[in-house]
Novice: 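One structure, pasted below without further comment.
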Amino acid sequence: MTVVAVLVGGSVLGVLGALLAIPVAASLLLLVRELLYPRLDHPAKSGPVTPRSRG
């Protein structure tokens with residue numbers, strides 16, 4: 001993942017993009033691990049959420 005982030009950042013913004021891509025990729029990976037994976041392990045037990053009617 002780090003190599004891909006450096007290559008993409010370097011191709012978009014040059015050397016500065018390559019340097020900034022590493023912490024950005026690490027932050028995104030951390031968010032995915034902390035927010036998405038626990039939700040996939042423990043889905044909502046009450047079923048799908050439906051919007052409330054006004055009235």
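All values derive from a computational prediction rather than experimental measurement.
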Novice: Looking only at non-hydrogen atoms, find the nearest pair between Ala5 and Ala25 and report the distance.
Specialist: CB-CB, 3.5 Å

Novice: Examine Leu13 and Val4 and state if one hydrophobic cluster contains both, with Ile, Leu, Val, Met, Phe, Trp and Tyr joined whenever side-chain heavy atoms are less than 4.5 Å apart.
Specialist: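 Yes: a chain of side-chain contacts under 4.5 Å links Leu13 to Val4.
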
Novice: For Leu19, which residues count as a side chain to side chain contact (heavy atoms under 4.5 Å, CB included) partner, sequence neighbours excluded?
Specialist: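 Only Val15 meet the side chain to side chain contact (heavy atoms under 4.5 Å, CB included) criterion with Leu19.
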
Novice: Taking side chain to side chain contact (heavy atoms under 4.5 Å, CB included) as the test, write out the residues that go with Val3, two or more places apart.
Specialist: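 Listed in chain order: Leu7.
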
Novice: Enter the distance from Leu29:CG to Glu34:CD here, rounded to the nearest 0.5 Å.
Specialist: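 Leu29 CG to Glu34 CD: 10.0 Å, rounded to 0.5 Å.
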
Novice: Shared ILVMFWY cluster between Leu16 and Ile22, side chains joined below 4.5 angstrom?
Specialist: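 No, Leu16 does not connect to Ile22 through the hydrophobic network.
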
